[in-house]
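The block underneath contains the structure these notes are about, expressed in structure tokens.
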Number of protein chains: 2
Amino acid sequence: MASIKDVATLAGVHRSTVSRIINGEGAFRSDTKRKVEQAMAELNYRPSAIARSLATASSNMTGLLVTYYTGGFFGQMMDQVQTELDRHNKFLITAQGHHSAEGEREAIRRFHTLRCDGYILNSRHLSDDELRALALEPTPFVLLDRLVEGLEARCITFDHTLAAKMAVNYLIEQGHRDIGCISGPLSRASSHLRLNGYKEALLQADIDVHPALCVEGDYGRMSGYFAAQQLHRSGLELTALFSCSEEMMQGAIQFFHEQNVALPEKLSLISFDSIDLCDAIYPQVSSVHFPISQMAQTAVELLMSQIQHTDNNIMRHFMPELRLRNSVTEA
Amino acid sequence: MASIKDVATLAGVHRSTVSRIINGEGAFRSDTKRKVEQAMAELNYRPSAIARSLATASSNMTGLLVTYYTGGFFGQMMDQVQTELDRHNKFLITAQGHHSAEGEREAIRRFHTLRCDGYILNSRHLSDDELRALALEPTPFVLLDRLVEGLEARCITFDHTLAAKMAVNYLIEQGHRDIGCISGPLSRASSHLRLNGYKEALLQADIDVHPALCVEGDYGRMSGYFAAQQLHRSGLELTALFSCSEEMMQGAIQFFHEQNVALPEKLSLISFDSIDLCDAIYPQVSSVHFPISQMAQTAVELLMSQIQHTDNNIMRHFMPELRLRNSVTEA
DNA sequence: ATGAAAGCGCTAACAC
DNA sequence: GTGTTAGCGCTTTCAT
């Protein structure tokens, strides 16, 4: 591949002149510029991002840690981040954490090895302490959907508890009192937060929290199916169901369809959602929206401002929003 | 961040010695090795992939072009490619083509700018000619799910026509003759191939191909919904439906549920699938499997062998597989 | 077994 | 306005 030297030789100028023209720095005679541009075109020259990184001590790369590439939720995150980075002319380096602390560490190692200018972590397995330790190192990073004490300025947050509460409150307002809950895996912080929201809503309405009404899933579709099955077999007569993820709601609906339970006549439904899957299933399911897209976008902006040491006034805390789609009937 | 020089100084040796130890080349006194390793640990040293790239003229990066990050199909591709690249200790650079030739070109430009050692293209918009021209440049690439004349050695292929034919043949074997088809966008080559398979199956069974039975979608869920609606309103009495994507089948099912059409009693269903969505919906839908995962994995292997100029015996053509799930009743 | 020196492709401070 | 020079962090011959 042609190098800057080849271009310089062909154009009959010095490398540094070519460099300046590429980067639009300083002034140059228009015929010099023309010669250089022609030489670049002729050689199909592309400046090496690698050499440039080494020379400028900035790789223009940004890391993004997600749990998996599969799953619409993470795809959405990657898409938003890529779009924002494109606007800033930065390269995206993605890595999967694979649901383990070691996987996440490995991803961060990769970001460091590649000398990313900064990175965004949707970390679910590193401890607060480990993240605080990481913050002592010079490379900036932002935490997407996580709040770590002492690292507030790097956090993009969402109130999961309030979101769950809003969803369940809505059910209660429609007269429901026997409300089931399919939670996420309790090994995960956000699952707890959401479950707490469910419980708080019930307690505030003087409704007992019956343990058998809460079934633990893993956010995946099949776990929703089995959770629904478990609730069904328990014999408890629920009139409404709250799911902590859209995939689990999808699975639950599959089960209830198989059992010929009329939805939403016999069972009202409400779910968390991020990627409008609730809109895509039958029946369409009312939801509380977890705005991962905007949060991801904001994460990039925040990271850029950290890299450039720019002051900023970015909104870092996001609020849930109820999206009603007639899957809740009055009880 | 600590550099190799810092390590060398701290360990009291020369940079080149550190380099050799990192790369395990040559022999060294065990106490030298120990000193160096200790210095590396103390400084939390990570060799710069960038500097290394410049020195070795190999970036260890591999590009992957997909259409979008969202969508389970592409997520699956990225996941498989990443997994394979991890095994080879290569970095992954992803890019989205966004359904335009210019988007795909831009992605390839990025791969070149980053001096990727090679890249994998799931290209849908670049012409055969453009790809052949690209093949003249030195950077190796592999075409995933595409066959370009003259570039066979770089192609990982799948017989879409045969796949569609197998699906429709199965319906015919079960006694169906009035079979609808929701195709992909006819602007795309694979859509045509699949539609041809549908037509060939019918013709071989002496069934007329009624134009109104074929509705064009865009592979997305909602287009399946509207296609189903269109078929429904056409008044044609179909007993079976073949969808060219799982998402469209999902949309169609949503429509038929709304119309209280008993599935599969009143309408047998069969669909293309890649990521087992057919297994995830209600009712579960029989399918022809398009093994994108294995194909993606093979793409990496093929690319690696091209980069390393290794002879190889990799299977590059993949066959469809019928996956029956009882969504087809006898007619 | 280890050090010295050149070079990968580029940028940036300085000189003219 | 353009050339000179040094240097980014590493690898790789070539000495010793």
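Each chain gets a letter, A, B and so on, in the order its sequence line appears, and its residues count up from 1. Heavy-atom basis, side chains included; hydrogens, waters and symmetry copies ignored.
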**OP:** May I ask you to verify if any side-chain N or O of R29(A) is less than 4.0 angstrom from the OP1 or OP2 atom of dT2(D)?
**Re:** yes
Original post:
Is any side-chain N or O of T32(B) closer than 4.0 Å to OP1 or OP2 of dT2(C)?
Top reply: yes
**OP:** Check every strand shown and say whether S53(A) touches a base, only sugar-phosphate, or nothing at a heavy-atom separation below 4.0 Å.
**Re:** nothing
Original post:
Looking for any heavy atom pair under 4.0 Å, which part of the strands does T17(A) touch: base, sugar-phosphate only, or nothing?
Top reply: sugar-phosphate
**OP:** Take the protein atom CD1 of I4(B) and the nucleotide atom P of dG7(D), then report the distance between them rounded to whole Å.
**Re:** 18 Å
Original post:
Is there a side-chain contact between L43(B) and L10(B), using heavy atoms and a 4.5 Å cut-off?
Top reply: yes
Original post:
Which is true for S16(B) with a 4.0 Å heavy-atom rule: it touches a base, it touches only sugar-phosphate, or it touches nothing?
Top reply: base
Subject >> Given DNA chain C, 5'-ward residue of the pair H14(B) and I50(A), judged by closest heavy atom >> reply: H14(B)
**OP:** Indicate yes or no: at least one non-hydrogen side-chain atom of H160(B) is less than 4.5 angstrom from one of D145(B).
**Re:** yes
Original post:
Tell me: CZ of R15(A) to C1' of dA12(C), nearest whole Å?
Top reply: 12 Å
Original post:
Is it true that D31(A) and R34(A) make a salt bridge, defined as a side-chain N closer than 4.0 Å to a carboxylate O?
Top reply: no
**OP:** Specify the separation, in whole Å, of atom CG of L114(A) and atom P of dG9(D).
**Re:** 16 Å
Original post:
Whole-Å distance between dC10(D) P and R46(B) CZ?
Top reply: 12 Å
**OP:** Assign each of S3(B) and K33(A) to its nearest nucleotide of DNA chain D by heavy atoms, then name whichever residue's nucleotide is nearer the 5' end.
**Re:** K33(A)
Subject >> E25(B) CD to dC10(D) C1', straight-line distance once rounded to whole Å >> reply: 12 Å
Original post:
Under 4.5 Å between any side-chain heavy atoms of F91(B) and I93(A), yes or no?
Top reply: no
Subject >> R52(B) CZ - dT11(D) P separation (whole Å) >> reply: 5 Å
Original post:
Is there a donor N/O on one and an acceptor N/O on the other, under 3.5 Å, for the side chain of R20(A) and the base of dG3(D)?
Top reply: yes
Original post:
Which class fits the ring pair H99(B) and H125(B): parallel under 30°, tilted 30 to 60°, perpendicular over 60°?
Top reply: perpendicular
Subject >> Atom-to-atom span, NZ of K5(A) to P of dG7(C) - whole angstrom >> reply: 9 Å
Subject >> Under-4.0 Å side-chain N/O to phosphate OP1/OP2 contact, T56(B) with dT11(D) >> reply: no
**OP:** Rounded off to whole Å, could you give me the CG-to-C1' distance for the D6(B) and dG9(D) pair?
**Re:** 10 Å
